[in-house]
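Contents: one structure, followed by commentary.
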Amino acid sequence: MLSILLFLAALASSVAANCAYGTSAFPRLPNVTVSTFGYDALKGPLNWFGLNKTANFACEEGSHQSPIVINSTIATVDGSTLTWTVQDYPDGAEFENLGTNVEVIVNGSLVDSNSGVEYSLAQFHFHTPAEHRVNDEFFPMEMHWVFESTGISRSPSLLRLNERTDAFRAAKQFAVVSFLVELCEAPGCTDQVLRAVFEAVEDIAQPGEATMTGPLAFGELTAKFENSPVYSTELLYIDLPTWLAVRKVIKYNARYTQDVLGGVNLLQNAADELCNGTSR
Ligand SMILES: *[C@@H]1O[C@H](CO)[C@@H](O)[C@H](O)[C@H]1NC(C)=O
Ligand SMILES: *[C@@H]1O[C@H](CO)[C@@H](O)[C@H](O)[C@H]1NC(C)=O
Ligand SMILES: *[C@@H]1O[C@H](CO)[C@@H](O)[C@H](O)[C@H]1NC(C)=O
Ligand SMILES: *[C@@H]1O[C@H](CO)[C@@H](O)[C@H](O)[C@H]1NC(C)=O
Ligand SMILES: *[C@@H]1O[C@H](CO)[C@@H](O)[C@H](O)[C@H]1NC(C)=O
């Protein structure tokens with residue numbers, strides 16, 4: 001089984017609207033702003049492109065969209081080539097309900113020694129159920145750490161994207177570190193970071209609310225990451241009562257599984273199928 005995933009990509013090719021809140025593409029406002037997109041009906045993922053054709057154009061055209069099915073065909077890199085640093089917050093950190101998501105705002109960085117790209121952390125947030133799947137199986141929860149590059153990339157593929165969006169955003173790169181979370185049964189089996197974050201989840205039951213988490217220490221989490229290949233066997237664990245409480249607040253926020261990396265965008269494909277139809 002695989003659980004720690006890392007997505008390094010240009011905004012336009014792979015980061016969906018739901019992931020990038022608090023980065024320069026989707027800036028955080030002083031008060032908690034409830035998302036205008038969602039997961040149901042016309043606010044849902046099939047219409048994200050329609051909700052904002054500028055910000056969300058990759059939803060319709062991108063061929064490296066998340067989430068995907070992870071299996072042995074997906075390339076891996078050694079975790080030791082990535083340095084992930086996150087500050088501890090002994091007094092807790094801000095925990096917000098955006099309506100689509102609950103997120104925690106902490107400072108951190110990620111350095112990719114292969115490319116030399118340095119990223120700073122925007123936030124981490126959660127999906128119930130998980131978005132990425134492993135060998136087609138799904139998990140009850142996924143945690144995403146969203147990073148934005150501190151410099152400007154000059155890669156030709158990124159420059160080409162400027163035709164469709166402004167130069168600054170296209171030149172930024174985003175990285176998402178993801179942990180899949182599995183249910184566990186024994187009392188106290190919930191991973192320490194998840195326990196500290198979710199002890200206050202009932203205080204932000206309504207979209208727009210914010211509170212503080214319990215004391216946060218990230219050493220165990222970053223050690224799991226650095227000691228593993230990037231697609232690794234390490235899962236995080238959450239007990240059933242905690243997961244049920246979290247699920248009541250987050251509700252359902254998983255985007256549909258996308259095509260294989262480099263394959264046709266599923267939305268584009270559906271549009272083509274409909275337009276090409278000659279029977280009506
Ligand atoms: C944030 O919310 C508070 C309380 O509702 C309000 O007094 C304040 O003006 C808001 N700040 C901004 C920047 O909107
Ligand atoms: C679309 O997104 C862009 C960039 O985030 C923003 O400036 C613009 O106001 C949005 N448009 C609508 C209609 O929400
Ligand atoms: C991996 O997943 C892809 C996409 O779902 C599928 O086409 C491929 O057959 C799978 N390969 C293996 C070895 O499971
Ligand atoms: C993150 O770091 C910046 C710059 O040092 C600081 O202004 C900000 O308050 C920090 N935020 C958090 C959540 O620690
Ligand atoms: C639809 O038609 C276009 C133009 O003829 C073609 O390129 C595309 O492959 C077709 N797509 C599908 C899904 O039939």
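Atoms considered below: every heavy atom in the structure, side chains included; atoms not considered: hydrogens, waters and symmetry mates. Order of listing sets the numbers, starting from 1, for every ligand and every atom in it.
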Thr190 and Asp239: side-chain donor and acceptor closer than 3.5 Å? yes
Between Val111 and Val106, is there shared hydrophobic-cluster membership here, with clusters defined by ILVMFWY side-chain heavy atoms closer than 4.5 Å? no
Atoms in ligand 3 with a heavy atom of Thr73 nearer than 4.0 Å: 1 (C), 11 (N)
May I ask you to list the atoms of ligand 4 that are less than 4.0 angstrom from any heavy atom of Ile105? 13 (C)
Within ligand 4, which atoms have a heavy atom of Tyr89 less than 4.0 Å away? 12 (C), 13 (C), 14 (O)
Walk me through whether Tyr39 and Trp48 qualify under ring-ring contact (aromatic ring centres under 6.0 Å, His included). CA-CA 9 Å; Tyr39 288 86; Trp48 284 352; 5.6 Å; yes
Surrounding CG of Leu244 (heavy atoms of other residues, nucleotides or ligands, distance under 6.0 Å), is the total greater than 12? yes
Measure from atom 4 (C) of ligand 3 to every heavy atom in Asn135, Leu261, Val260 and give the option owning the shortest one. Val260
Looking at ligand 4, does any of its N/O atoms fall within less than 3.5 Å of an N/O of Asn107? yes
Val69, Asn71, Asp136: member with heavy atom nearest to atom 3 (C) of ligand 3: Asn71
Polar proximity ligand 3 side, Ser72 side, N/O cut 3.5 Å exclusive: no
Polar contact flag for Thr54 and ligand 2 (N/O pairs, less than 3.5 Å): no
